Amino acid sequence: MKRWLGVALDSLLPPRCYACGTLVDRQGALCGPCWSGLHFITAPSCMRCGYPFEIGLDGHHMCGACLAHPPAYDRGISALVYDDASRALILGFKRADRLELAKPLAGLMAQAGRDLLAQTDLIVPVPLHRTRLLSRRFNQSAVLTRALAQISGTSWTPFLLERTRRTPSQGGLSRAERARNVRGAFRVQPKAQAAHALKDKHVLLVDDVLTTGATVTACTGVLRKAGASSISVLTLARVVTPGQGPI
């Protein structure tokens, strides 16, 4: 029955590329040009933060930034380079309310982060402040987290982390300014912590874009204090060229 319903739906609403709208062979797919226009982050990359290397390297290596200042989280992975192509998808998803993009975008994240998901006990999104949530109507990181949980079968909660104050936009700020901006801005929500004991848990923190890592670093600190044994970070995209972060 589901198969026939799917065929009927495709005849009424033919599947289209979720980036450009071109007809494709199945729902939730990208057309060839849009797929090839995205820059996927694959090996070789930094074993700690996932920063892509331009040349192949044997074995496991850390980038210069992680060698100088290891991140607070244990491992980070991003599916895409944040550039014009991925920016259009991300802004369409979170600014144009295209929630139908959540599942295919989370699928890209699940593929990139399959090793992290296999070791994860609980997936947690980076939270929005309640006033920003009211104005935006949804937390894009929580929507991606829900889709990731459905794809992977991993437990998740949207309420474990709480943003206790509304911080100014991170756009245009330097690395140091971003860190100061979010310092002390998060906490583990007490009631949620009681329902999801973090002691010895492997937590996967999810966000849409990684720029300098200031936000996930602040979240990692409170998760670590709450007892999580390891915290990894999975994002849809990451900035690799300074100055190209989201606004």
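Here the structure is a predicted model, which means the values were calculated and not measured. Numbers for residues simply follow the sequence, beginning at 1.
Minimum interatomic distance between Cys34 and Cys17 (heavy atoms only, all atoms of both residues): SG-SG, 3.8 Å. What you find for Phe186 and Thr164 is that their closest heavy atoms are N-OG1, 4.1 Å. Closest of all the heavy-atom pairs between Ala110 and Leu117 is CA-CD1, 3.8 Å. When all heavy atoms are compared, the tightest approach of Ala149 to Thr154 is CB-O, 3.2 Å. Minimum heavy-atom separation, Glu162 to Gln189: OE1-CG, 3.6 Å. Contact between Asp208 and Thr235 at its shortest, heavy atoms only, is O-CB, 3.9 Å.
Cluster membership check: Leu148 shares its hydrophobic cluster with Trp156, using side-chain heavy-atom separations under 4.5 Å among Ile, Leu, Val, Met, Phe, Trp and Tyr. Hydrophobic clustering (side-chain heavy atoms under 4.5 Å, transitive across Ile, Leu, Val, Met, Phe, Trp, Tyr) groups Leu99 together with Leu89. Under the 4.5 Å side-chain contact rule for hydrophobic residues, Leu116 and Met62 do not share a cluster. No chain of hydrophobic side-chain contacts below 4.5 Å, direct or via other Ile, Leu, Val, Met, Phe, Trp or Tyr residues, connects Leu161 to Leu128. Cluster annotation: Phe53 is not connected to Leu67 through the hydrophobic network of ILVMFWY side chains, with a link wherever side-chain heavy atoms come within less than 4.5 Å.
With Arg114 contributing its side chain and Gln111 its backbone, the two residues share a donor-acceptor pair below 3.5 Å. Remark: the backbone N or O of Val126 is paired with a side-chain donor or acceptor of Asn139 at under 3.5 angstrom. Remark: the backbone N or O of Thr131 is not paired with any side-chain donor or acceptor of Arg136 at under 3.5 angstrom. Judged purely by atom type and a 3.5 angstrom limit, Arg48 uses its side chain to pair as donor or acceptor with the backbone of Pro71. The main-chain N or O of Leu80 is never found under 3.5 Å from a side-chain atom of Ser78 such that the two would form a donor-acceptor pair. Put simply, the side chain of Arg238 never gets that close to the backbone of Ile77: no donor and acceptor are under 3.5 Å apart.
For the atom pair CG (Leu38) and OG (Ser86), the distance works out to 7.0 Å, reported to the nearest 0.5 Å. With values rounded to the nearest 0.5 angstrom, Arg75 atom CZ is found 10.5 Å from Leu234 atom CG. Rounding to the nearest 0.5 angstrom, the gap separating the CZ atom in Arg163 from the SG atom in Cys219 is 7.0 Å. The distance from the CZ atom of Arg183 to the CZ atom of Arg165 is 9.5 Å, given to the nearest 0.5 Å. Separation of atoms OG1 (Thr145) and CE (Met109) is listed at 7.0 Å; rounding is to 0.5 Å. How far CZ of Arg95 is from CD of Gln140: 8.0 Å, rounded to the nearest 0.5 Å.
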Requested in this report: Could you walk me through whether Arg224 and Thr220 pass side-chain contact (heavy atoms from CB on, under 4.5 Å), step by step?
Outcome: CA-CA 6 Å; Arg224 193 86 71 185; Thr220 295; 4.1 Å; yes
Requested in this report: Give the C-alpha distance, both sets of side-chain angles, the deciding distance and a yes or no for side-chain contact (heavy atoms from CB on, under 4.5 Å) between Val188 and Leu160.
Outcome: CA-CA 6 Å; Val188 173; Leu160 184 68; 3.8 Å; yes
Query raised in the report: Could you walk me through whether Tyr82 and Leu236 pass the side-chain contact (heavy atoms from CB on, under 4.5 Å) check?
Result: CA-CA 9 Å; Tyr82 189 79; Leu236 175 58; over 6 Å; no
**Report entry** Residues Phe93, Leu105; criterion side-chain contact (heavy atoms from CB on, under 4.5 Å); working and verdict
**Finding:** CA-CA 9 Å; Phe93 168 54; Leu105 294 180; 4.1 Å; yes
**Report entry** side chain to side chain donor-acceptor pair (under 3.5 Å) evaluation trace for Ser230 with His202
**Finding:** CA-CA 5 Å; Ser230 71; His202 300 283; 2.6 Å; yes
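Within 6.0 Å of the CZ atom in Arg98, the count of heavy atoms belonging to other residues, nucleotides or ligands exceeds 12. In this structure, His39 places its NE2 atom where only 12 or fewer heavy-atom neighbours from other residues, nucleotides or ligands lie under 6.0 Å away.
The side-chain heavy atoms of Arg16 and Leu23, taken from C-beta on, include a pair separated by under 4.5 Å. Looking at Leu210 and Val216, their side chains come closer than 4.5 Å, going by heavy atoms from C-beta outward. Using a 4.5 Å heavy-atom threshold, the side chains of Pro33 and Thr22 count as separate.
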